Amino acid sequence: MELVITSSTKTLQYWKQRPYLNEETKHLLSDVDVLIVPDEDLREFKTPLFPSNMMEIYDLLKEHFNVEAAINDKDYHELSLNSKKHRFGIYAVTLVVAPLFVTVLGNYISDKLKHEDPTDEIELEIILDNNSDHSKSIKYQGTAEDFKKVVDKVIELSKEKDEHRTDTAKSASTVHKKS
Amino acid sequence: MNIEQILRNPHLLYTKSHDNKAIFDYFVAKIKRHVERDEELLANSTAILQSIFKIQVDYTKVFELFSVQKYYSAWCLLERIEIAIKGVLWHYNFIEDEYYVLFIKEYVKKLQGLYPYKVFGSSEYIKKETRCSICDSIITLRNRCPHKKGELYMGEMCTYIITKSEMIGMSIVDEPFNKYSVMGVTKDEDDPYKYQNIDFLLSVIDHPFNQWNTESYKIFEPHSKFSVPRNEPCPCGSKLKYKKCCLPKPGVEMDHTQFIMKQPTMKTRGMKPTKVQKVTN
């Protein structure tokens with residue numbers, strides 16, 4: 001199992017302004033909480049690509065969130081790699097919805113793979129956006145059962161950011177009192 | 001025709017007690033009648049039973065293919081059975097595995113484990129255009145027809161058909177999604193592999209629904225069995241020189257599979273009830 005957390009400059013705002021997006025699509029993305037983003041760096045291909053069956057996940061997420069994909073409709077293409085690894089894509093999500101998002105995604109993964117080999121590997125990335133210049137990227141590669149570690153980590157990271165904002169608010173009120 | 005009785009006794013398929021074509025024709029006619037009467041739920045449930053019957057027939061056919069040494073064809077059929085079972089399980093919850101679908105699922109996996117295949121080709125392609133199999137509409141991310149992939153509509157399962165694609169490469173993998181792409185074989189006639197495990201299984205079971213298991217481990221085969229010079233590759237298959245690999249050991253280390261029958265069969269009559277002869281690979 002691999003769970004890699006890194007800082008990233010690829011925030012929600014970054015993905016909403018990609019050069020291959022037309023104005024109509026940019027307008028669709030303006031208020032989303034969850035953005036499904038493509039893989040832009042797949043080998044030599046310049047075309048942004050999504051993993052197989054991403055449409056199914058898009059439909060599921062639409063039932064719970066204000067979700068969109070960072071791609072024009074006519075440019076949406078899936079890459080089918082056909083090895084046994086299950087690829088679930090890349091998501092940029094706001095901190096507010098992140099805990100619910102990973103829970104919904106985790107339930108989907110569990111249900112989707114219930115008839116598969118439990119040792120099958122899954123791969124995905126979640127980008128946590130806290131409305132600043134940086135985001136946190138969580139890359140996971142491991143079994144469906146171990147995905148709960150991702151859920152725990154996202155909830156932990158969401159709370160960390162919340163605590164930081166609370167402390168900042170307290171400092172501000174303290175400053176206000178002193179003056 | 002008592003379909004319930006037929007589906008609950010799939011082992012009779014092996015004895016050719018049924019006219020399979022007549023049963024398939026029965027299902028087709030029944031679905032057609034339900035569709036004409038706009039009875040979608042009944043059409044769908046009949047389609048599921050039809051799929052289950054096909055799974056049972058195909059599973060039996062695997063053993064017919066084994067018996068005429070068409071192992072690669074049997075392998076491809078095992079994969080199609082796997083896919084069909086996924087489709088059935090999506091729509092049907094079994095209480096007691098009354099139609100042996102879960103049994104077949106378990107034993108398809110066991111049979112696949114008996115094959116010597118280690119390396120597969122995995123195709124890579126970009127899906128450029130996808131259409132609905134029910135209404136032929138082009139599917140895009142934000143514009144869809146009302147049909148959902150995997151759901152049944154008047155007895156027909158909705159699938160997404162890739163009508164335009166761009167092949168971009170091929171990978172060599174050990175765990176493929178498409179199992180038919182075995183490296184080194186494309187048809188039974190040019191198959192270079194050996195299938196001792198499957199041949200042995202056929203020699204101890206009476207029919208496809210006998211229950212069995214396997215245990216795999218390493219054993220030492222006596223050096224006297226091999227006439228391999230010391231500086232040649234070791235017979236164990238490690239590619240190391242014999243003198244650096246198994247020659248210093250008590251014997252040549254070989255993979256070994258033991259078959260364990262849950263109940264004795266006619267073919268194992270007289271042998272110990274739980275273990276049968278061993279197969280060294």
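Lettering of chains follows the sequences in order, A, B, ..., and the numbering in each one begins at 1. Here the structure is a predicted model, which is why all the values come from computation and not from measurement.
Within the model, atoms NZ of K127(B) and CG of N53(A) stand 5.5 Å from one another, a figure rounded to the nearest 0.5 Å. Between the CD1 atom of I168(B) and the CG atom of L81(A) there is a distance of 6.5 Å, given to the nearest 0.5 Å. Between atom CG of residue N143(B) and atom OH of residue Y76(A) there is a gap of 13.5 Å, rounded to the nearest 0.5 Å. To the nearest 0.5 angstrom, L141(B) atom CG is 12.0 Å from H77(A) atom NE2.
Enclosure of atom OH in Y100(B) is not indicated, since only 12 or fewer non-hydrogen atoms of other residues, nucleotides or ligands lie within 6.0 angstrom. Counted within 6.0 Å of NZ on K164(B), heavy atoms from surrounding residues, nucleotides or ligands total 12 or fewer; the atom is thus considered open. Under a cut-off of 6.0 angstrom, the local environment of CG in D31(A) is sparse, with at most 12 non-hydrogen atoms contributed by other residues, nucleotides or ligands. Within 6.0 Å of the NZ atom in K26(A), the count of heavy atoms belonging to other residues, nucleotides or ligands exceeds 12. Within a 6.0 Å radius of CD in E145(A), no more than 12 heavy atoms belonging to other residues, nucleotides or ligands are found.
Heavy atoms closer than 4.5 Å to chain A are found in the side chain of K86(B), but not in its backbone. Within the 4.5 angstrom heavy-atom criterion, no atom of D174(B) approaches chain A. In this structure, chain B has a heavy atom under 4.5 Å from the side chain of T25(A), while its backbone stays farther away. Using a 4.5 Å cut-off between heavy atoms, N72(A) touches chain B through its backbone atoms (N, CA, C, O) alone.
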Before you tell me yes or no, could you show the steps for V173(B) and K85(A) under side chain to side chain contact (heavy atoms under 4.5 Å, CB included), namely the whole-Å CA-CA distance, both residues' side-chain angles and the distance that decides it to 0.1 Å? CA-CA 11 Å; V173(B) 299; K85(A) 191 182 282 188; over 6 Å; no
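Contact between M55(A) and T140(B) at its shortest, heavy atoms only, is SD-O, 3.8 Å.
You'll find the side chain of I162(B) stays beyond 4.5 Å of the side chain of E78(A), heavy atoms only.
With D59(A) as the fixed residue, the side-chain hydrogen bond (donor to acceptor under 3.5 Å, both in side chains) test singles out one of K149(B), K148(B), R144(B): R144(B).
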